Amino acid sequence: MKEILQDYSFDELVRLVEEYGEQTFRATQLYRGLMQGKRISDVNLSKTLKEKLLERFENEPVVIERVFTGSDGTEKYLFRLADGNLIEGVFMKYAYGNTQCVSTQVGCRMGCLFCASTLGGLVRNLSSGEILSQVLVVNARHGGTLEKRQVTNLVLMGSGEPLDNYDNTVKFLRLVTAEGGINVSARNISLSTCGLVPKMYELANEGIPLNLTVSLHNTNDEDRGRTMPIARKYKIEEILKACAYYFEKTGRRYIFEYSLIKNENCDKEHGDALIKLLKGKPCHVNLIRLNEVKERNLDTITEKEAYRFLGQLQKGGLSATLRRRIGNDIGGACGQLRASYRKETGEE
Ligand code: SAH
């Protein structure tokens with residue numbers, strides 16, 4: 001695979017263009033073109049510069065291979081990377097703006113039992129420019145420009161564990177929030193982690209005011225470890241300390257993801273334990289009914305039961321909501337689409 005030009009910040013592009021002996025304004029043209037989701041070959045550049053760039057860099061690092069539109073208008077994408085690998089993403093329209101869910105790795109090595117992204121293990125990390133390009137091509141597809149973006153909110157909740165690909169993820173965050181670029185506000189970005197504690201501290205020190213989300217999914221380490229192998233390495237207590245540090249550094253409330261799994265984590269005792277664990281903390285709990293993954297033997301609870309659990313948490317003093325299962329009919333949950341598409345096309 002060639003290099004990824006979208007990995008470059010504007011300043012890095014300026015240096016690159018100078019190395020090629022071109023004038024600096026070419027870097028501005030190039031940067032603006034790339035940020036509009038254009039291929040190198042479609043950017044307005046001198047022929048010689050274009051040829052030099054195409055020798056060394058991928059013309060189109062992320063291509064939309066397929067689009068699935070759900071009954072609720074949610075779009076789900078399969079993206080093809082330059083080396084042939086597939087990743088997925090989601091685009092959801094809300095009253096307050098449009099949210100895109102991006103992937104940070106091909107596959108994942110965290111091994112959470114309920115998650116389809118992990119089925120084939122980790123294939124490879126995405127580069128910062130490959131993460132960014134997902135946003136650039138989807139923004140362009142929806143007619144977005146740099147002046148008027150169509151992607152206003154981002155969640156790092158596609159395939160992969162963002163903090164397991166730390167440097168590329170942080171570089172991506174700097175690229176996507178850069179002024180003059182697509183410039184998504186850090187406050188509109190949520191990063192979700194299964195709880196890689198040392199990296200949570202590092203992230204708190206980066207000075208990027210994004211929303212930190214942690215996948216909790218249980219109330220004690222032993223039970224959590226049944227579905228999330230990482231729980232054997234980092235304890236809930238350590239996660240809570242890292243969250244408190246994040247709040248101290250950024251002043252931002254943190255969020256816990258809690259996927260409701262029948263007979264695992266959402267009985268009345270779990271509700272009581274969750275209240276005890278989180279009461280008084282500057283956090284919010286996002287409940288979601290598990291998207292059942294065919295390959296795994298896990299079920300979710302009914303909507304009514306989910307509302308009962310939600311009510312229990314709220315009565316106990318927690319800030320909590322039950323998320324809609326967006327795009328459920330199109331394999332909305334992490335890794336489900338890629339897994340089924342690879343089966344269908346025999347790419348396994
Ligand atoms: N690796 C990160 C981001 C992954 S996905 C993390 O673990 O947080 C975003 C969220 O979806 C996580 O909370 C994850 O646990 C959850 N999730 C994964 N598969 C799911 C499924 N089948 N149903 C419901 N939630 C799921």
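We count ligands from 1, going down the list as the structure has it; atoms in each ligand are counted the same way. Quick note: numbers below take in every heavy atom, side chains included, and nothing from hydrogens, waters or symmetry partners. Because the structure is predicted, anything quoted here is derived from the model rather than measured.
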What do we get for [X] next to ligand 1 when only non-hydrogen atoms under 4.0 Å count, side chain, backbone, both or neither?
{"X": "Ser259", "result": "side chain"}
{"X": "Thr213", "result": "neither"}
{"X": "Met110", "result": "neither"}
{"X": "Glu161", "result": "both"}

Does ligand 1 come near enough to [X] that some N or O of the ligand is less than 3.5 Å from an N or O of the residue?
{"X": "Phe114", "answer": "yes"}
{"X": "Ser215", "answer": "yes"}
{"X": "Cys115", "answer": "no"}
{"X": "Arg289", "answer": "no"}

> Heavy atom of Ala116 under 4.0 Å from ligand 1?
Replying inline: no

>> With a 4.0 Å cut-off on heavy atoms, is Met228 in contact with ligand 1?
In response: no

Of all the atoms in ligand 1, which lie at a distance below 4.0 Å from a heavy atom belonging to [X]?
{"X": "His217", "result": "13 (O), 14 (C), 15 (O)"}
{"X": "Thr193", "result": "6 (C), 7 (O), 8 (O)"}
{"X": "Cys194", "result": "6 (C), 7 (O), 8 (O)"}
{"X": "Asn291", "result": "21 (C), 22 (N), 23 (N), 24 (C)"}
{"X": "Gly160", "result": "1 (N), 2 (C), 3 (C)"}
{"X": "Glu257", "result": "13 (O)"}

[X]-[Y] side chain donor-acceptor pair, cut-off 3.5 Å:
{"X": "His284", "Y": "Ser319", "answer": "yes"}
{"X": "Arg26", "Y": "Gln29", "answer": "yes"}
{"X": "Gln312", "Y": "Asp272", "answer": "yes"}
{"X": "Thr213", "Y": "Ser192", "answer": "no"}
{"X": "Asn286", "Y": "Thr321", "answer": "yes"}

Charged N-O contact under 4.0 Å between [X] and [Y]:
{"X": "Arg32", "Y": "Glu147", "answer": "yes"}
{"X": "Lys199", "Y": "Glu161", "answer": "no"}
{"X": "Asp221", "Y": "Arg224", "answer": "no"}
{"X": "Arg323", "Y": "Glu257", "answer": "yes"}

> Out of Ser103, Ser117, Gly158, whose heavy atom is nearest to atom 4 (C) of ligand 1?
Replying inline: Gly158

> Strictly under 6.0 Å, is that where the ring centroids of Tyr77 and Phe79 end up?
Replying inline: yes

>> Which label fits Tyr201 and Tyr245: parallel for a plane angle under 30°, tilted from 30 to 60°, or perpendicular past 60°?
In response: tilted

